[in-house]
Amino acid sequence: MVFSSKVFIFYFLPVVLLSFYFIRGYISKDASYAWLVLCSFFFYAYWYPPYLILILVSFSLNYVLSNVLWRHRNKALLALIVALNLGMIGYFKYFNFFLDTLNAVLGLHMPNDQIVLPLGISFYTFQQIAYVVEVYRTGERAERFIDYCFVQAFFAQLIAGPIVLHREILPQLHEPKTPWLDTRAFTMGIVFFIFGLFKKVILADNFAYAVDAVFNVAEKGTSVPVCDAWIAAFSYGLQLYFDFSGYSDMAIGLGLMFGVRLPINFFSPYKATSIIEFWRRWHMTMTRFFQEYLYFPLAIWSGRKWSGKTQGLVVLFVTMLLIGLWHGAGWTWVLWGGIQGVLLICNHLWRDLRRRLGVPYDPKHSWLPMRLLGWSCTFILVTLAWVVFRAKTLTGAIVMYKAMFFWDRFILPGDLARAVGKSVMIFMRDHLGVTWGGPALAYVNSTQVLFVIVMIAFVAIMPNTIQFMRYYAEGRIRGISFQQQADRLVEFTRGLNFRPTAAVAVFLAVLLIASFTSVLDDTAKTVFIYFQF
Amino acid sequence: MISERLKKVVLKTLKLDDFDIQDHTIAPQVPGWDSLAHVQVLAAVEREFGIRFTTTEVIRLANVGELQRLVDKKTAATANG
């Protein structure tokens, strides 16, 4: 079931909400959470019933083994449990990739297995790895299997995150003084859900047209005009952001509707003025997972044998490669991870250089032109990296990059020729090897260009959903760190925040109605990008 | 109380001339103390005091004060053991 589908919004959600609060009021809070677990299993099974068995086996095995680990704190057992989980995701997600790579390297022709990727496996495997490591590290565990299932399987975050940690969810289930219905949380939930839905079905899905049009051509090896390539790249960055942050908003909103506070996943990543900052704002729960469970342990362990800045950077690079691989079983994703790794390394080295030159990086006192420069560099580099993330094949990515940088055809549109004037045109033709001619845009139209420009300005300036709710939330949003509080831009837009007024209600209603036109339209093209993970 | 020795190690690793490091100081407050530097700091502290941390011990350190207490505990253990 997809959050933006009719069956979810008009059937599943209302039924589950009503039954949840009924059980919560007339039976017990405990029973209501147990009921949510059952509903979540139904939610999961709705897509492909056989894999419900797989996920139940995974949960049961992990829970039982974690209990053994809790009683006998044994590193080898921990390693075994982690290996079993990795083995499971390794088979379902990476087996065919592994075979294909072997085939390519050794010249064999081993056929692929027919494997259907279980929905959400990347998320629920990693969430369980986090749980078992925490059991080892802290000796804290979920006392009851139903609690464990709730944290792992709550339908709001089961399929595509946020990746939750037990220590942030479990206490919420056992708080004695929670009311039957937290009206403020419920209101927030609705707002988050409406924002997320709009971001997904109106914004993300509409960016998809330009993206698909250009990338499909590039995948075939046909070159595309320079403007098309850039517009498609920017469109994809925006599509991916609105798709995934929209999904995360909906997830947080659904959680709040049930009085559960899920951690935030995005915090205006396209406002970042450095790549380092970008990764603190993009897919935050994933970054947190990799930092706590891969980067830190690996860096500390390897830091004993080999210390120094280089060691830290190498571990960082390896971590980013694995983050790339986690996103998809394919070399384009690993390459994307590698690119992000290189960008981060350059960022760290740049900060080092700045310190040596006497102008150290200080986020509290940075010069506006430098921040603007940092913002533009970051945004462009991230966009360029998204090209290889989106391209299904290396060929497609290369075609896109060549187009974006005039590699083999220095062709400029005929319209531009008229604009610069005859003499400039002739000069560029004769002395710089420019060919004039062709349309400015072959695969995208000017409306899509305008859409991109407007939305880039929007994500760079406007507050995000969480900031929009900050005066109303009263502590109901998890995961805002010390660093994120310092967002000077948000001061300018502080008038834009949620208040339970008629004007805001009308605004939300408009967003909702617009979204419904897409939800109710069976022919509307919609794909949740992160479902493939 | 943050010992001079610990403070020196931290400042040296972060290549800072001086910074007021207190019990309640946290990494984001100190220039250049990001997650990359954090690992360097921990490794340097291990070397300076001749101790070894487990990931479990360091992963949840809330501030420098907790790091100091952890170091004190481990150096006492090494002295006695």
Side-chain angles (χ1 to χ4, degrees), chain A residues 73 75 78 133-139 167 274 276-277 279-280 287-288 290-317 319 344-345 347-349 351-352 354-356 358 360-365 481-486, chain B residues 6 8-71 73-75 77-78:
Chain A
R73 194 170 179 266
K75 205 156 197 178
L78 172 68
V133 173
E134 286 302 307
V135 168
Y136 179 83
R137 281 182 181 169
T138 64
R167 65 173 189 261
S274 69
I276 293 174
E277 195 189 339
W279 280 103
R280 293 199 188 119
T287 318
R288 170 176 72 173
F290 275 94
Q291 185 167 72
E292 285 204 18
Y293 300 102
L294 179 66
Y295 176 74
F296 264 0
L298 189 58
I300 291 173
W301 174 79
S302 61
R304 294 201 184 107
K305 301 156 209 288
W306 167 35
S307 60
K309 194 106 195 189
T310 323
Q311 173 256 343
L313 293 174
V314 167
V315 176
L316 178 60
F317 184 74
T319 306
L344 280 169
I345 289 173
N347 202 168
H348 280 287
L349 293 176
R351 286 192 183 180
D352 247 7
R354 282 188 61 163
R355 193 191 51 227
R356 268 186 258 243
Y361 171 71
D362 183 359
K364 285 197 210 70
H365 308 104
S481 75
F482 168 88
Q483 289 148 310
Q484 279 141 1
Q485 313 267 18
Chain B
L6 181 64
K8 248 174 60 181
V9 172
V10 173
L11 290 176
K12 182 158 175 252
T13 315
L14 299 176
K15 301 210 180 63
L16 288 172
D17 290 326
D18 196 16
F19 193 86
D20 185 22
I21 298 182
Q22 303 280 351
D23 264 11
H24 52 78
T25 307
I26 58 175
Q29 294 169 329
V30 184
W33 196 342
D34 54 25
S35 35
L36 195 72
H38 189 62
V39 177
Q40 313 293 320
V41 167
L42 292 174
V45 169
E46 279 187 337
R47 275 194 303 278
E48 169 71 19
F49 292 90
I51 54 180
R52 262 173 88 132
F53 299 123
T54 64
T55 319
T56 311
E57 287 167 338
V58 295
I59 200 89
R60 285 289 128 64
L61 291 176
N63 53 40
V64 183
E66 286 192 6
L67 176 61
Q68 177 71 67
R69 281 188 283 285
L70 180 62
V71 170
K73 194 176 89 172
K74 298 220 102 168
T75 44
T78 333

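What's counted below: heavy atoms across the whole structure, side chains too, no hydrogens, waters or symmetry copies. On a predicted model such as this, the values are computed, not experimentally measured, just so you know. Protein chains get the first letters and strands the later ones, always in sequence-line order, with residue 1 at the start of each.
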Derivation and outcome, salt bridge (charged side-chain N to carboxylate O under 4.0 Å, His left out), residues B:E46 and B:K74: CA-CA 10 Å; B:E46 279 187 337; B:K74 298 220 102 168; over 6 Å; no

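- Heavy atoms closer than 4.5 Å to chain B are found in the side chain of A:R167, but not in its backbone.
- For B:R60, the CZ atom is densely surrounded, since the number of other residues' heavy atoms within 6.0 Å is greater than 12.
- Residue A:L313 touches chain B through both its backbone and its side chain, counting heavy-atom pairs closer than 4.5 Å.
- Highest contact tally toward chain B, considering only A:K309, A:Q291, A:Q311, is held by A:K309 [criterion: heavy-atom pairs under 4.5 Å].
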Side chain to side chain contact (heavy atoms under 4.5 Å, CB included) between B:V58 and B:H38, intermediate numbers included: CA-CA 10 Å; B:V58 295; B:H38 189 62; 5.6 Å; no

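- Of the two parts of B:L42, only the side chain, counted from C-beta on, holds a non-hydrogen atom closer than 4.5 Å to a non-hydrogen atom of chain A.
- To the nearest 0.5 Å, the span separating OG1 on B:T75 from CZ on B:F49 amounts to 7.0 Å.
- How far CG of B:L14 is from CD of B:Q40: 9.5 Å, rounded to the nearest 0.5 Å.
- Proximity to chain B (any heavy atom under 4.5 Å) is shown, for A:P297, by both the backbone and the side chain.
- Chain A is approached within less than 4.5 Å, heavy atom to heavy atom, by no residue from residues 61-71 of chain B.
- Considering only heavy-atom pairs separated by less than 4.5 Å from chain A, the leading option among B:L36, B:T54, B:I59 is B:L36.
- Within residues 16-23 of chain B, no residue has any heavy atom closer than 4.5 Å to a heavy atom of chain A.
- In this structure, CH2 in A:W279 is found 10.5 Å from CG in A:L316, a value given to the nearest 0.5 Å.
- Contact check for A:R137 versus B:E57: no side-chain heavy atoms found under the 4.5 Å cut-off.
- In terms of the ring pair (Phe, Tyr, Trp, His ring centres under 6.0 Å) criterion, A:Y136 has no residue partners (sequence neighbours excluded).
- Listed by chain and residue number, nothing satisfies the salt bridge (charged side-chain N to carboxylate O under 4.0 Å, His left out) test with A:R351 (two or more places apart in sequence, or in another chain).
- B:W33 has its side chain out of reach of B:T13: every pair of non-hydrogen atoms, C-beta onward, lies at least 4.5 Å apart.
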Check against side chain to side chain contact (heavy atoms under 4.5 Å, CB included), A:V314 and A:W306: CA-CA 11 Å; A:V314 167; A:W306 167 35; 3.7 Å; yes

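- Side-chain contact between B:K8 and B:L11: absent, with no pair of heavy atoms (C-beta onward) separated by less than 4.5 Å.
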